[in-house]
Chemist: 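Provided herewith is a single structure, encoded as structure tokens, for subsequent inquiry.
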2 protein chains.
Amino acid sequence: MELTPAGLLALYPSLAALPADQLAALCRPEALLRLPAGTQLFAERQPCQGFPLLLEGSIKVVKTAASGREMLLYRVEPGESCIITSSCLLGHAPYTARGEAETPITLLILPSPVFDRLVAEQARFRDFVFHLFSERLAELMQLVEEVAFHRLDQRLAKLLLAKNGDTLHATHQQLAEELGSVREIVSRLLKGFAAQGLVALGREQIGILDRNGLKSLAEAAR
Amino acid sequence: MELTPAGLLALYPSLAALPADQLAALCRPEALLRLPAGTQLFAERQPCQGFPLLLEGSIKVVKTAASGREMLLYRVEPGESCIITSSCLLGHAPYTARGEAETPITLLILPSPVFDRLVAEQARFRDFVFHLFSERLAELMQLVEEVAFHRLDQRLAKLLLAKNGDTLHATHQQLAEELGSVREIVSRLLKGFAAQGLVALGREQIGILDRNGLKSLAEAAR
DNA sequence: AAGCGTATGTAACCTGGGTCACACACCCAC
DNA sequence: GTGGGTGTGTGACCCAGGTTACATACGCTT
């Protein structure tokens, strides 16, 4: 991808206040960081030297249990920032989660001084950063509720609905890892869904047959 | 409580950069908000008109399930801010959790303009705010892990250990609500702890007999 | 002391979901 | 073809924890 100032602003309108020359400087190809899928982003807690903006691809943030089971905390998509990475910069908190590139990704690292100046001078950029934080907080609070109070079939149904498109490509193992469960259970539940005509199962793919059915299952009282 | 500038700074050193007169203005008794225990802070999502600093008391932030079961997400203590409240200000995110004064509390609301100016001009205050956010994020991520992967006895043991002091005053119901469980289970587990000589049970109180024992239980592989 | 409200004990039972141990089934490379 | 890797189906079993339904027990008021 060629990154143009206009393209950058389209993803990050809150950068609008940067002078044109600095914007151009950020867009130089050397400023971009391209990493292959599977890269571990902050497992090794290397000190991050800036505020990362995700331009392309997707990052998943994951907790790993002692047993080896995994669970997705959230994803970072283009237009967002991997605030968790920046948090070690901003908040000096040690994080225990793992960040991993789900796809090949392109990052733009806002150097610390640039970030500091933007936050200090640009109310709009500040709002953007605060917004990122509070979105994540809200998401995590929601996740706690779901894990603590909702049954797995409901969470699975919700997960299926969240993927847009009629058919979705994922292994049962991958779904289990998003939910913090194990493959067998996901298979069992999916079989149940299929028996109710909610989905059609195939190797590495799941066809959504009845969105409304799934939705009502996901929202059922208990 | 009489609030003096020195007292305020002791709790919130990051306010050090405020000019003396403004600091004094914040400390006027009229600026303080005193609320009785049990006050609902942002259930009704009244728009918050500033950034709240907690001076005295403690606030609990709680999720309530459809079934009526509750679960503590985190507490806000003096020296912190109820960022979640401020988040609706900063991030415009709708929150679904409930905030409640656990004890009588004293709040100081930083008016929006003062907050904005501090964040814009004072790197130290900015750091403080970012730090609050990232602490909460880390805590919530930890909580997700515990709820998803740890058994209740381990979480209960950890909870008991977290309270300092040898004996702790709480009903089983209250402990259950912190954990997102129910009274009977907490009673059952506590009975087990007592049988192992880890705790001594009494009406509305629990004596910690063997901290190390509890600790090793809390950290056991599974 | 009678009576009520609140905290606790506790047993029987149920169920969701995790574990184990397989059997297949598909796909691709050789 | 054939054989191995990767995904899936499935049944038997187990266990943590939630539900229901009580029985006490303690402490307070009247």
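Within every chain, numbering begins at 1; the chains are lettered A, B, ... in the order of the sequence lines, protein sequences first and strands thereafter.
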Chemist: Are A:Tyr12 and A:Phe125, when compared by the centres of their aromatic rings, separated by less than 6.0 Å?
Modeler: no
Chemist: For A:Glu184 and D:dC13, what is the distance between atoms CD and P respectively, to the nearest whole Å?
Modeler: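 Going from A:Glu184 (CD) to D:dC13 (P), I get 17 Å.
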Chemist: Are there any protein N/O atoms within less than 3.5 Å of an N/O atom in nucleotides 26-29 of chain C, and if so, which ones and at what distance?
Modeler:
none

Chemist: Please work out which of the three classes, parallel, tilted or perpendicular, describes the rings of A:Phe130 and B:Phe130, given edges at 30° and 60°.
Modeler: tilted
Chemist: Of the residues in residues 167-174 of chain A, which ones touch DNA chain D at a heavy-atom distance under 4.0 Å?
Modeler: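 Listed by number, they are A:Thr171, A:His172.
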Chemist: Can you check the B:Glu204 CD to C:dT8 C1' distance for me, whole Å?
Modeler: 11 Å
Chemist: Using the test side chain to side chain contact (heavy atoms under 4.5 Å, CB included), find all partners of B:Gln174 that sit at least two apart in sequence or belong to another chain.
Modeler: B:Ala170, B:Thr171
Chemist: Taking only residues two or more places apart in sequence or in another chain, which ones pass side chain to side chain contact (heavy atoms under 4.5 Å, CB included) with B:Ile109?
Modeler: B:Leu33, B:Pro52
Chemist: May I ask you to decide whether A:Lys60 forms a salt bridge with A:Glu70, counting only side-chain N to carboxylate O separations under 4.0 Å?
Modeler: no
Chemist: What is the distance, rounded to the nearest whole Å, between atom CZ of B:Phe193 and atom C1' of C:dG9?
Modeler: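 To the nearest whole Å, that distance equals 17 Å.
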Chemist: Can you identify which nucleotide, out of D:dG11, C:dG9, D:dT19, has its nearest atom closest to the B:Val182 side chain?
Modeler: D:dT19
Chemist: When you get a sec, tell me which of C:dT8, C:dA11, D:dT10 is the closest nucleotide to the side chain of B:Ser187?
Modeler: C:dT8
Chemist: Atom pairs under 3.5 Å, N or O on each side, protein against nucleotides 15-17 of chain D: can you list them with distances?
Modeler:
residue: D:dG17; atom: OP1; partner: B:Leu152; partner atom: N; Å: 2.5
residue: D:dG17; atom: N7; partner: B:Arg188; partner atom: NH1; Å: 3.2

Chemist: Taking only residues two or more places apart in sequence or in another chain, which ones pass side chain to side chain contact (heavy atoms under 4.5 Å, CB included) with B:Pro104?
Modeler: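 For B:Pro104, the residues satisfying side chain to side chain contact (heavy atoms under 4.5 Å, CB included) (neighbours in sequence not counted) are B:Ala37.
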Chemist: When the distance from CE of A:Met71 to P of C:dG18 is rounded to whole Å, what number comes out?
Modeler: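 It works out to 11 Å between those atoms.
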